[in-house]
Amino acid sequence: MAQEQGGRDQEQGAGARLARLLRRWWEEAGSASGGTRPTQQALAARLGVDQTTLSRYLNPKHTSTAPLRVVEALHAQLRAPAAELDRARALCRAALRENSGRRTVGGGGEPTAATDVTDGSGEPAGRREPAGSRATAAPAGPHGPAGGHGSGAGRPHFRWHLHVLVWAAVVVAFAAGVLVHERFAVQDRKAATADGAAGGEGVVAASEVPHQWPLLVMGEQDQFTRARALQNLLNAHGYEVRADGFFGEDTRDAVMAFQRKRGLAPDGKVGKHTWPELVKEVKPGSGTFEVRAAQELLNNVGQGGTVVSGEFTAVTAEDLRFFQSTQDLPVTGRVDVDTWLALLVAQLPPAGAPAYQRPESPPPSGSAPASA
């Protein structure tokens, strides 16, 4: 009975309330818009954690607490109510304080994911004690607990400090590794930019993003999201073409007219010279066509569905910020030239036309879509 009561008390803590909130977000995902709730396996892959760890974060009876990074990513991925994010952050911080207090005072309870490290025996390191150490009282006297040289109560205290030192060493080593990695990454990006200036393919001279602009040319096959983004951008510049993913003669003619207007070689191909001229900054208040082009691409990068509406909403900005954070781009929530490039490069294998297009956009007569 005492154990059952303790379980109920524990479930009332901040960690349990956070887990219930995160689980509700997951269970209700997709219900408002009629979409499909992601599986825990798919959701874990997007968050960069394993499925078992995610299941613990969503279980109120488990003492593992989701870190703040995961809480914020879950809120973005599941499109939870915006008003609940601050509450989730507060519960997360409170739960982490509770877990820290339990470990410091009694060493009891189960460690969170941040401290769930084993020493090879299957039991978390730092929690095992020699047999009989808890039953043995510390001797009184100058060499007992007061003197700091005795056994018994003094040993767990010493071990606690030892584990703190070990964790501090690990953190310092990790931080040093990150700094070294970032320094080499910056050098590599600068080298890529220099190569682009010397004639390399598709490098954006104004930035250090080491990607190549995709090349689109006229063809009979459906070229999917990239071609629809191109066609929407052409419409944004005043060229009336159908955004169906088929790069036909009308799209080619519009591309050539745009190239002539911008002083580019009018070859009808869209590559490293034409894309940077064609893309527009997308932000609140931007036009329908450029917003739709960005949403089309954002909807097909594997981070969960983005509504393709042509209206730049708060959800669109949130999805953009999450994408930018995964691409090491400035997290602005707006689509600049570097974000356009990253979106075009990050497209998944071909997918069919979006739902808003299917009823009125059959493939042109005589053309068959390529298999996905």
Side-chain angles (χ1 to χ4, degrees), residues 29-30 33-51 54 73-74 76-79 201-202 204 209-217 219-233 243-247 251 270-272 275 278-279 282 289-310 313 315-329 331 333 335-358 361 363 367-372:
S33 59
T36 303
R37 182 181 68 189
T39 63
Q40 287 192 17
Q41 182 178 7
L43 188 57
R46 297 175 195 169
L47 298 173
V49 301
D50 59 78
Q51 184 179 355
L54 178 61
L74 275 170
Q77 287 286 328
L78 299 175
R79 293 183 176 80
E201 283 294 319
V204 187
V209 180
H211 291 317
Q212 294 183 0
W213 292 96
L215 178 65
L216 297 187
V217 298
E220 293 185 356
Q221 75 279 6
D222 189 347
Q223 299 186 39
F224 303 100
T225 51
R226 289 191 180 102
R228 291 198 298 270
L230 163 64
Q231 291 162 333
N232 276 308
L233 286 169
D244 57 6
F246 289 90
F247 195 149
T251 301
V270 183
K272 64 178 182 179
W275 279 118
L278 192 62
V279 297
V282 176
F289 290 113
E290 56 263 41
V291 171
R292 181 172 290 174
Q295 289 172 331
E296 285 259 21
L297 297 174
L298 194 58
N299 187 48
N300 194 44
V301 293
Q303 67 178 35
T306 295
V307 176
V308 183
S309 63
T313 64
V315 174
T316 301
E318 191 171 329
D319 288 351
L320 276 170
R321 283 191 289 268
F322 182 79
F323 174 77
Q324 289 168 329
S325 70
T326 66
Q327 301 292 313
D328 293 327
L329 294 169
V331 181
V335 191
D336 57 8
V337 65
D338 287 343
T339 303
W340 277 112
L341 173 56
L343 283 169
L344 286 163
V345 169
Q347 291 304 288
L348 293 175
Y356 79 91
Q357 263 191 352
R358 290 171 193 153
S361 298
S367 344
S371 58

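What you see below is based on every heavy atom in this structure, not just the backbone, and it leaves out hydrogens, waters and symmetry mates.
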Can you give me the closest heavy-atom contact between [X] and [Y], atom names plus distance?
X    : Y    : answer
L297 : Q347 : O-NE2, 2.9 Å
Q77  : R46  : OE1-CD, 2.9 Å
A73  : L47  : CB-CD2, 3.4 Å
W275 : P214 : NE1-O, 2.8 Å
G333 : L320 : O-CD1, 3.5 Å
L329 : A342 : CD1-CB, 3.9 Å

What's the spacing between [X] [atom1] and [Y] [atom2] if we round to 0.5 Å?
X    : Y    : atom1 : atom2 : value
F224 : F247 : CZ    : CZ    : 15.5 Å
Q212 : L344 : CD    : CG    : 13.0 Å
R228 : E296 : CZ    : CD    : 4.5 Å

Practice item. For a side-chain hydrogen bond (donor to acceptor under 3.5 Å, both in side chains) with T306, tell me which candidate from N300, D319, N299 qualifies. Key: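 Among the candidates, only D319 passes.
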By side-chain hydrogen bond (donor to acceptor under 3.5 Å, both in side chains), which residues pair with [X], not counting sequence neighbours?
X    : result
Q327 : none
Q223 : none
Q40  : S55
T316 : Q295, T313

Point to revise | Q41, CD: over 12 other non-hydrogen atoms inside 6.0 angstrom | key: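 Not buried by this count: 12 neighbours or fewer within 6.0 Å.
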Check your understanding: In chain order, what residues pass the side chain to side chain contact (heavy atoms under 4.5 Å, CB included) check against E318, with sequence neighbours excluded?
Key ->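 Checked E318 against side chain to side chain contact (heavy atoms under 4.5 Å, CB included); matches are H75, A76, R321.
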Exercise for review: Just jot down the side chain to side chain contact (heavy atoms under 4.5 Å, CB included) partners of A293, sequence neighbours excluded, or say none.
Suggested key: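 A293 satisfies side chain to side chain contact (heavy atoms under 4.5 Å, CB included) with A229, N232, L233, W340 once adjacent residues are dropped.
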Point to revise | Flag side-chain contact, heavy atom, 4.5 Å: V307 against V315 | key: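 SC-SC contact between V307 and V315 ruled out.
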Practice item. Could you tell me whether the side chain of P38 reaches within less than 4.5 Å of the side chain of L78, counting heavy atoms only? Key: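 When only atoms from C-beta onward are counted, P38 and L78 do touch, with a gap below 4.5 Å.
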Exercise for review: Assess whether side-chain contact (heavy atoms from CB on, under 4.5 Å) is satisfied between V308 and R292, documenting all intermediate values.
Suggested key: CA-CA 6 Å; V308 183; R292 181 172 290 174; 3.7 Å; yes
Check your understanding: For V335 and L343, what are the C-alpha separation, side-chain angles and deciding distance, and is it a side-chain contact (heavy atoms from CB on, under 4.5 Å)?
Key -> CA-CA 9 Å; V335 191; L343 283 169; 4.3 Å; yes
